[in-house]
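To start, the structure itself, in structure tokens.
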Number of protein chains: 2
Amino acid sequence: MSEERATQLEQALRAAGVRVTRQRAALLRVIAASDDHPDAAELHARAEKAGVGVSLATVYRTLTTLQAQGVIEKLEFQGEPARWEAADQTHHDHMIDLDTGEVMEFTNERIERLQAEIAAEMGYDIVHHRLELYVRRRRD
Amino acid sequence: MSEERATQLEQALRAAGVRVTRQRAALLRVIAASDDHPDAAELHARAEKAGVGVSLATVYRTLTTLQAQGVIEKLEFQGEPARWEAADQTHHDHMIDLDTGEVMEFTNERIERLQAEIAAEMGYDIVHHRLELYVRRRRD
DNA sequence: ATGTCTGCAAAAGATTTGCAACCAG
DNA sequence: CTGGTTGCAAATCTTTTGCAGACAT
């Protein structure tokens, strides 16, 4: 399933004039198989574990390329290296548990709408936004 | 006005057991006098321009200290060095013009409430959050 | 007096880049 | 074949830190 998704993306990349190298194909699969939010070093480790040699420099370059192609999204949580996630899901924001480091996803249509309204009122269009809730489990 | 604010903060710092050195007093004034969102290098430059010698290392250390005291807040916009702002204003979020780099502030009570509701529904309390709108001026 | 702060220079951590060899289309 | 890619190592950029001397209280 994530395997076919990866293959599907390869077509799109080639169509966009981006060469599908051994390294890129591997990273595409590693990302498609990840349901968490790995950083560059972690993706590098997973590719190696999958038996594909890739340099860390190439991992960074590939991430930038895939982001430009709209295949992945970059997440920058407070004070940690950037993390990445597949961009095929529907839009969502993140909630980070400060105690466990766990990252959860959520969506709220009303917030999205309000944001657009605020920008519009001030004469702007939103290109993208970032909403992160840093939380702690409620203890009662 | 920002001058008295700075003096006022010095009292609070001393009361909290934080020594008010020449460097800290200067940075306090530079920050109180800034209505934009300067980064460490910029604050360093402004302090120097004000005639107070401070090392960049001390600027960083001081910013961390002032943040811990709740005097300033750290802003981390996409891919730029961290910026800082005085924490005396009421809470607000930021809107960044991608073309000009201009940073604007806004507040929306409804969004704040919705965020709290979302966290509560999932069993969490919000410690702090980050909402940034990356925008482009609407052209019609 | 004394424990906190500072400056300097070196270190650290994440990410980027120059260049020669390599390989996808 | 040939220009886009890669690996390596070095460079960059921001921020942090060890240490010895300086200073606020």
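All figures in this text were calculated on a predicted structure; none of them were measured in a lab. To find a chain, count down the sequence lines: A is the first, B the second, and so on, and within it residues start at 1.
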Which nucleotide of DNA chain D is the first, and which the last, in the 5' to 3' direction, to come under 4.0 Å of a heavy atom belonging to chain B?
D:dT14 to D:dT25
Could you say whether B:Val18 or B:Thr64 is positioned toward the 5' end of DNA chain D, judged by the nucleotide with the nearest heavy atom to each?
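Checking each residue's closest nucleotide, the 5'-ward one belongs to B:Thr64.
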If you find the nucleotide of DNA chain D closest to B:Ala41 and the one closest to A:Gly53, which residue's nucleotide is nearer the 5' end?
A:Gly53
Does the distance from a Lys or Arg side-chain N to an Asp or Glu carboxylate O, for [X] and [Y], drop under 4.0 Å?
X	Y	answer
B:Arg113	B:Glu117	no
B:Arg19	B:Glu10	no
A:Asp97	A:Arg137	no
A:Arg130	A:Glu76	yes

Rounded off to whole Å, could you give me the [atom1]-to-[atom2] distance for the [X] and [N] pair?
X	N	atom1	atom2	value
B:Leu56	C:dG7	CG	C1'	11 Å
A:Gln11	C:dG25	CD	C1'	14 Å
A:Trp84	C:dT15	CH2	P	8 Å

Please say whether more than 12 non-hydrogen atoms of neighbouring residues, nucleotides or ligands are located less than 6.0 Å from CZ in A:Arg110.
no
Have B:Glu42 and B:His37 got a donor and an acceptor in their side chains that come within less than 3.5 Å?
no
Quick one: does A:Arg61's side chain have a donor or acceptor within less than 3.5 Å of a partner on A:Leu56's backbone?
no
If you take the centroid of each ring, where Trp contributes its six-membered ring, are A:His94 and B:His129 closer together than 6.0 Å?
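Aromatic pair excluded; centres sit 6.0 Å or further apart.
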Would a hydrophobic clustering, with Ile, Leu, Val, Met, Phe, Trp and Tyr connected at side-chain separations under 4.5 Å, put B:Phe106 with A:Leu131?
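Result: yes, single cluster for both.
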Using a heavy-atom cut-off of 4.0 Å across all strands, would you classify B:Ala82 as base, sugar-phosphate, or nothing?
sugar-phosphate
Option passing side-chain contact (heavy atoms from CB on, under 4.5 Å) with A:Asp93 (candidates A:Glu105, A:Glu132, A:Glu112):
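Of the listed residues A:Glu105, A:Glu132, A:Glu112, the side-chain contact (heavy atoms from CB on, under 4.5 Å) partner of A:Asp93 is A:Glu112.
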Could I get a table of every N or O pair under 3.5 Å where one atom is in the protein and the other is in nucleotides 22-24 of chain C?
| residue | atom | partner | partner atom | Å |
| --- | --- | --- | --- | --- |
| C:dA24 | N3 | A:Arg19 | NH1 | 3.3 |

In terms of the angle between their ring planes, are A:His128 and B:Tyr134 parallel, tilted or perpendicular, with boundaries placed at 30° and 60°?
parallel
Polar atom pairs between nucleotides 17-21 of chain C and protein, under 3.5 Å, N or O only, would you list them?
| residue | atom | partner | partner atom | Å |
| --- | --- | --- | --- | --- |
| C:dG18 | O6 | A:Arg61 | NH1 | 3.4 |

